[in-house]
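The shown structure was predicted, so the numbers you read here are calculated from the model rather than taken from an experiment. Start at 1 with the first residue, then count along the sequence.
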Amino acid sequence: MAVQQYLHLSSGHKMPILGLGTWMAKEEETIVALNEALAMGYRHIDTAPVYLNEQAIGGVLKEWISSGKIKRSELFITTKLPTPGGNNHELVELSLRKSLQDLQLDYIDLYLIHAPFTVVLADDNGGDLKRNADGSVVIDGSTDHIGIWKEMEGLVAKGLAKSIGISNFNIKQIERLRKHCKIQPAVLQIEYHVYLQQPDLIEYCRSANIAITAYSPLGSKGVANLYKMAGVKRDLPDLFDIPAVKEIAKKYNKSAAQILLRWIVDKGISVIPKSTNSKRMHENKDIFDFKLNQQEIEQLNKLDANIRVVDFGYLKGINKHPEFPF
Ligand code: A2P
């Protein structure tokens, strides 16, 4: 049975509050996991070209839709305008058309600008980024959010995207965009979990009728690899090991992950936990048969520590970009 809680977006469309994240899900495991996820009721799937799994997802979706097991209208698929080379006017429609081709879809439910900054692809373009001699990424400082957004609006007019939004933008950037847009951003996707609650940003989005999707709701332990490969030392927090979370989990006979997710959806925020493991996908979906009480919610609210797991530190030098948001 499908997960039935939705957020109503300013675009007039509705988004299932619970989705499946696919960042760092490799092609082969994505195929198996997505088949299992659809069978257990996931209908909201989040991907991006940089995750390198759109083709795998497209193959599975095609199979489910063409065999009549699912209707296209039951699905909510999100993908993103790539940051490397794609955050550029002419490339907006081309990028979405490439994603749609890979996903084997005629339209996308939600198209997000993946990040407010732009980096440059290597000349030989195997998907790698262009680097300076010191290993830092080559920045394209000419990022023009307003111009890109006009192209995003064009995608809605052409019926290629039902809703459009942004990811990793800060309040100043959203505010500037909103002053110049015809279509307001329907969704902001950001890192959000007990250790990174960003009350000002959340409050701002509520007042602007922008729905929030929380990425890394479980703390994205897998990101450790990216930092390691980039030679960056980072101690990532373990959200599953927080005493208050463990204590509440025990009380409800739920896992720590389920407590962390339920706390988010109770705030009216959408979550996209990534898993390719059948048991954990089940667990992450099974969060609607209990309710945290006010005292427990407040106990978890107090954990906010401004700890950002995905600060893009694995892209050396990206914090020098004029639109770096953090
Ligand atoms: P796996 O895919 O092996 O399940 P986030 O959504 O915050 O990015 O977290 C994803 C990470 O957390 C992945 O490493 C994923 O691994 C793991 N994960 C997902 N769901 C659970 C769960 N219910 N319990 C423990 N780990 C989980």
*What residue pairs, at least two apart or across chains, pass side chain to side chain donor-acceptor pair (under 3.5 Å) with a residue in residues 201-211?*
Arg178-Tyr204
_Once rounded to the nearest 0.5 Å, what's the spacing between atom CD1 of Ile210 and atom CG of Leu9?_
11.5 Å
_Hydrophobic cluster identity match, Leu18 and Leu7, side-chain contacts under 4.5 Å_ = yes
*Side chain of Asn277, backbone of Arg280: donor and acceptor closer than 3.5 Å?*
yes
*Residue pairs, two or more places apart or on separate chains, that pass salt bridge (Lys or Arg N to Asp or Glu O under 4.0 Å) and touch residues 310-326*: Arg176-Glu323, Arg234-Asp311
*Ion pair Asp46/Lys80, N-O distance below 4.0 Å*: yes
*Separation of Asn284 CG from Leu218 CG (nearest 0.5 Å)*: 5.5 Å
*Could you list the residues that satisfy salt bridge (charged side-chain N to carboxylate O under 4.0 Å, His left out) with Asp241, not counting sequence neighbours?*
Lys246
*Does Tyr195 have any ring-ring contact (aromatic ring centres under 6.0 Å, His included) partners at least two apart in sequence or in another chain, and if so, which?*
none
*Contact summary for Asp144 and Gly147, nearest pair of heavy atoms*: OD1-N, 3.1 Å
_Remaining members of hydrophobic cluster (4.5 Å side-chain criterion), Leu91_ = Leu94
*Kindly say whether Ser167 contributes a backbone atom to a donor-acceptor pair with the side chain of His114 at under 3.5 angstrom?*
no
_Using only atom types and a distance under 3.5 Å, with no angle test, would you say the side chain of Ser270 pairs donor to acceptor with the backbone of Thr213?_
no
*With the side chain counted from C-beta on, respond yes when Asp109 and Met15 share a heavy-atom pair under 4.5 Å apart, and no when they do not.*
no
*Applying ring-ring contact (aromatic ring centres under 6.0 Å, His included), which residue pairs with at least one partner in residues 130-180 are found, sequence neighbours left out?*
His145-Phe169
*asked:* Tell me if a side-chain donor or acceptor on Gln197 pairs with a main-chain N or O of Asn301 at a distance below 3.5 Å.
replied: yes
*If you draw a 6.0 Å radius around NE2 in His282, do more than 12 non-hydrogen atoms from other residues or ligands fall strictly inside?*
no
*Interatomic spacing from CD1 in Ile146 to CG in Leu177 - rounded to 0.5 Å*: 5.5 Å
*Start with the C-alpha distance between Asp200 and Ile171, add both sets of side-chain angles, then the distance that settles side-chain contact (heavy atoms from CB on, under 4.5 Å), and finish with yes or no.*
CA-CA 8 Å; Asp200 293 347; Ile171 294 180; 4.1 Å; yes
*Would Arg262 count as a cation-pi partner of Phe288, with NZ or CZ less than 6.0 Å from the six-membered ring centre and within 45° of the ring normal?*
no
_Lys69 atom NZ, over 12 foreign heavy atoms within 6.0 Å_ = yes
*Start with the C-alpha distance between Thr118 and Ile139, add both sets of side-chain angles, then the distance that settles side-chain contact (heavy atoms from CB on, under 4.5 Å), and finish with yes or no.*
CA-CA 6 Å; Thr118 314; Ile139 281 167; over 6 Å; no
*For Tyr252, what residues pass the ring-ring contact (aromatic ring centres under 6.0 Å, His included) criterion, not counting sequence neighbours?*
Phe290
_Using the rule that Ile, Leu, Val, Met, Phe, Trp and Tyr join whenever any side-chain heavy atoms are under 4.5 Å apart, tell me whether Leu129 and Trp23 fall into a single cluster._
yes
*asked:* Less than 4.0 angstrom from a charged side-chain N to a carboxylate O is my criterion; do Asp102 and Arg97 meet it?
replied: no
*How long is the span from the CD atom in Glu54 to the OG1 atom in Thr22, to the nearest 0.5 Å?*
8.5 Å
*Kindly give the heavy-atom pair with the smallest separation between Ile307 and His193, and that separation in Å.*
O-CE1, 3.4 Å
*Answer with yes or no whether the hydrophobic clustering places Phe240 together with Val194; edges join I, L, V, M, F, W, Y residues whose side-chain heavy atoms lie under 4.5 Å apart.*
yes
_I need the Tyr6 OH to Lys14 NZ distance, nearest 0.5 Å._
4.5 Å
*When hydrophobic residues are tied together by side-chain contacts of less than 4.5 Å, even through go-betweens, does Leu315 share a cluster with Val232?*
yes
*Name all pairs fulfilling the ring-ring contact (aromatic ring centres under 6.0 Å, His included) condition that reach into residues 55-88, sequence neighbours left out, sorted by first residue then second.*
His44-Phe76
*Begin from the C-alpha positions of Phe326 and Asn319 and carry the test side-chain contact (heavy atoms from CB on, under 4.5 Å) through to its verdict.*
CA-CA 8 Å; Phe326 310 136; Asn319 56 347; over 6 Å; no
*asked:* Using every non-hydrogen atom in the two residues, find where Tyr111 and Leu81 come nearest and quote the distance to one decimal.
replied: OH-CA, 3.4 Å
*From CA spacing to verdict: salt bridge (Lys or Arg N to Asp or Glu O under 4.0 Å), Asp286, Lys254*: CA-CA 9 Å; Asp286 185 20; Lys254 289 280 173 187; 3.5 Å; yes
*CG (Asp235) with more than 12 external heavy atoms under 6.0 Å*: no
*Of the non-hydrogen atoms in Leu20 and Ala37, which two are nearest, and what is the gap between them?*
CD2-CB, 3.7 Å
*Would you indicate whether Asp289, at its atom CG, is surrounded by more than 12 heavy atoms from other residues, nucleotides or ligands within a distance under 6.0 Å?*
yes
*Heavy atoms only: give me the nearest Ser275-Ala33 pair and the separation to one decimal.*
O-CB, 4.4 Å
*Which pairs count as salt bridge (Lys or Arg N to Asp or Glu O under 4.0 Å) when at least one residue sits in residues 130-142, sequence neighbours excluded?*
Asp123-Lys130
*Which other residues belong to the hydrophobic cluster containing Tyr107, where Ile, Leu, Val, Met, Phe, Trp and Tyr are joined when side-chain heavy atoms lie under 4.5 Å apart, directly or via other members?*
none
*Do you know the tightest heavy-atom contact between Asn132 and Val137?*
ND2-O, 3.4 Å
*Let me know which of Leu100, Leu155, Thr47 forms a side-chain contact (heavy atoms from CB on, under 4.5 Å) with Ile108.*
Leu100
*Just wondering, are more than 12 heavy atoms of other shown residues or ligands nearer than 6.0 Å to CD in Glu27?*
yes
*Using the salt bridge (Lys or Arg N to Asp or Glu O under 4.0 Å) rule, collect all pairs that involve residues 145-160, keeping only residues at least two apart or in two chains.*
Glu93-Lys158
*With no hydrogens and no angle check, do the side chains of Glu298 and Gln294 hold a donor and an acceptor under 3.5 Å apart?*
yes
*Quick one: salt bridge (charged side-chain N to carboxylate O under 4.0 Å, His left out) partners of Glu296, sequence neighbours excluded?*
Lys251
*Ser11 side chain vs Ala186 backbone, donor-acceptor pair below 3.5 Å*: no
*asked:* Quick check for you: to the nearest 0.5 Å, what is the distance between Leu303 atom CG and Leu260 atom CG?
replied: 9.0 Å
_Would Glu175 and Lys179 count as a salt bridge (Lys or Arg N to Asp or Glu O under 4.0 Å) here? Give the steps._
CA-CA 6 Å; Glu175 201 148 44; Lys179 278 198 190 124; 5.6 Å; no
*Does one hydrophobic cluster hold both Leu96 and Leu52, with members joined at side-chain heavy-atom distances below 4.5 Å?*
no
_Testing the 3.5 Å rule here: is there a donor-acceptor pair between the side chains of Glu283 and Ser255?_
yes
_Donor-acceptor contact present, side-chain Tyr42 to main-chain Met281, <3.5 Å_ = yes
*asked:* Has Glu74 got a side-chain atom pairing as donor or acceptor with Lys71's backbone, closer than 3.5 angstrom?
replied: yes
